[in-house]
Amino acid sequence: MLKDWVERVAALTEPDRIHWCTGEEAENDALVELMLDNGTFVSLNPGTHPKCYLHRSDPEDVARVEHLTFVCTTEREDAGPNNNWMDPEEAEEKMRGLFEGCMRGRTMYVIPYCMGPIDSPLSRCGVEITDSPYVVANMRIMTRMGSEALARIERDGTFVRGMHSTGELDPERRFIMHFPEKLLIQSYGSGYGGNALLGKKCHALRIASHQARTEGWLAEHMLIMGVENPQGEVFYVAGAFPSACGKTNLAMIIPPEGYEGWKIHTLGDDICWLHPGEDGRLWAINPEAGFFGVAPGTSAETNPNALAMLSHDAIFTNVGETADHQPWWEGLPDGEPVLDWKGNPYDPAQGPAAHPNSRFTVALKYVPTYTGECEAPQGVPISAIVFGGRRERLVPLIMESESWQHGVLMGSAMASETTAAATGAVGVVRRDPMAMKPFCGYNYADYFRHWLEIGESLDDPPAIFHVNWFRKDADGKFMWPGFGENMRVLEWIVNRALGKAGYKDTPIGRMPTRHDVNLEGIKVSLETMGELMAVDREAWQQELSEIREYLESYGDRLPQELITELERVNTALSDA
Ligand code: OXD
Ligand code: MN
């Protein structure tokens, strides 16, 4: 079946050569050599950054393109108002036209990959066909790619098919199409990140969310981390935050002074597959094997663990370069860029040295907080789910839902100011339920129902929280220090999960009192903490009416339970 499909794709795209990827070191070395020869890769300083390479993408191809991303289900309603939709036949016809002969003169790479540990029943496989060696090198880091995955695919007999060509990199001839009913992805005209590394957003979120719904699990845009307390108990937390809102930083947070004895386990920073276990708990695996993280802002101060893992065996995309060939981006205190991300002499008047969505690709096992549980075939049991957004006003630092239903409402009401991770305006507040707006492969109304049903099926569901690290005061200054200090909030979360942290009930959820979050050693006054946890009744009623309007835009398919829950909160606010 795989062979037939590869032959059909080759007949359509007419490559000069076909290369089946094994994932071996020697194969990677040869690809690196090829990319250094043809300029796809620039070698970085082997003294400071051994085996690190810089890739400069086409300047018009620097982020995910949500307006060119489609979910092609037979019925338009199944894709929902949260997705761009195209009729599957029309979409395949359009893509056939683009793929026809597009690999002439090129090599076609066949990448068998496994999302999740090779021996895990929770993992799912795929095959990406691409004409980009850069994609192969990235997929090798981001997934379990090669011979072992191929053997599993042959055993399973089923896999997600992904067709990718960089085409002409013409934004006018660029589409990212998903056919969930056929477990098929077709991507043309971009070589960048989520548009091209099909294992990531296309497979592990859009197609997998559809698969998860039919099979009874959840595919989520979440980090996975373990928080180990000084008693040696480890609590696993999954966290959903919109793109470029600090998931990577949180996943590898370094506990601040005063938290000696606490330890962080990093299992993943972007995607989490959650399966109900036989014990009534929710178990998580990270389908990915690497990080594709945003570089700017990553520094020894904000994320020393990330900086440490970026000193070897990493691919940098669209960062600047120093005179001695080290990668450079805004936020690094040392070094000076001489070249910008386009490879031009750096001129601050022309913009930043690194593109705001410039990225690093590096294996998960190189993060200093790697502890190996992400290889566990059964996954890890999740004690807490944390939702978060980037909100300057209104939304408190931390709150806990009263029930699973209330938590689903919190997740579905998530909103955030947009970032550079996708093309389009930055800083605009948009609703981004469960941080899945760009990634949910089916109708959000059905997705909310699926979340409610999963909760009902669990005897011991995780507690659900909502955080906001991004509140600003009247002078526009951040009120909470963030980064490592977020550990203080994590401490409250795991202690809540243990049932031992104090809280007060408020109309919008449970919150710590001013004394329940440890403020020792930081410059946050009790007064500021009070503000960070205040509930502005009128502003919240306004927010609830906007949430209601948003949710009701999903029409009849919206589960009524969410509106009932929203009305409960609204009544509590009126009574307060
Ligand atoms: C990502 C994203 O690349 O969310 O992880 O855009
Ligand atoms: Mn992401």
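Atoms within each ligand, like the ligands themselves, are counted from 1 in listed order.
Take a cut-off of 2.8 Å around the Mn ion (ligand 2): the protein N, O or S atoms inside it are K201 NZ, H221 NE2, D270 OD1.
Heavy-atom contacts of R64 reach the following atoms of ligand 1: 2 (C), 4 (O), 6 (O) (cutoff under 4.0 Å). Set against the non-hydrogen atoms of H221, the atoms of ligand 1 under 4.0 Å away are 4 (O). Near K201, meaning under 4.0 Å from one of its heavy atoms, ligand 1 places the atoms 1 (C), 2 (C), 3 (O), 4 (O), 5 (O). Heavy-atom contacts of D270 reach the following atoms of ligand 1: 5 (O) (cutoff under 4.0 Å). Contact atoms of ligand 1 toward F439: 4 (O) (distance under 4.0 Å to a heavy atom of the residue).
The protein heavy atom nearest to atom 4 (O) of ligand 1 is S243 OG, 2.5 Å. The closest protein non-hydrogen atom to atom 3 (O) of ligand 1 is R359 NH1, 2.8 Å.
Using bins of under 30°, 30° to 60° and over 60° for the plane-to-plane angle, the ring pair Y554/Y550 lands in the perpendicular bin. Ring planes of Y346 and W328: tilted class, angle from 30 to 60°. Note on ring orientation: taking the six-membered ring where Trp is involved, the planes of Y188 and F99 are perpendicular (angle over 60°, cut-offs 30° and 60°). Ring orientation note: the planes of Y192 and F292 are nearly perpendicular, at an angle over 60° on the 30°/60° scale.
Not one N or O of K200 is nearer than 3.5 Å to an N or O of ligand 1, by distance alone.
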Validation: residues 361-370 side-chain donor-acceptor distances under 3.5 Å, sequence neighbours left out:
residue, atom, partner, partner atom, Å
T361, OG1, N138, OD1, 2.7
T369, OG1, T266, OG1, 2.5

Go through it in stages, so that I can follow the logic: the residues are E181 and R213, the test is salt bridge (charged side-chain N to carboxylate O under 4.0 Å, His left out), and I'd like the CA-CA distance, side-chain angles, deciding distance and then a yes or no.
CA-CA 12 Å; E181 292 149 354; R213 181 182 172 216; over 6 Å; no

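With hydrogens and angles left out, the side-chain atoms of T73 and D78 include no donor and acceptor closer than 3.5 Å. A donor and an acceptor atom, one from each side chain of T166 and Y134, are nowhere located under 3.5 Å apart.
With hydrogens and angles ignored, the 3.5 Å screen pairs no side-chain donor or acceptor of N28 with any backbone N or O of G23. Without hydrogens or angle criteria, W404 side chain to W451 main chain gives a donor-acceptor distance under 3.5 Å.
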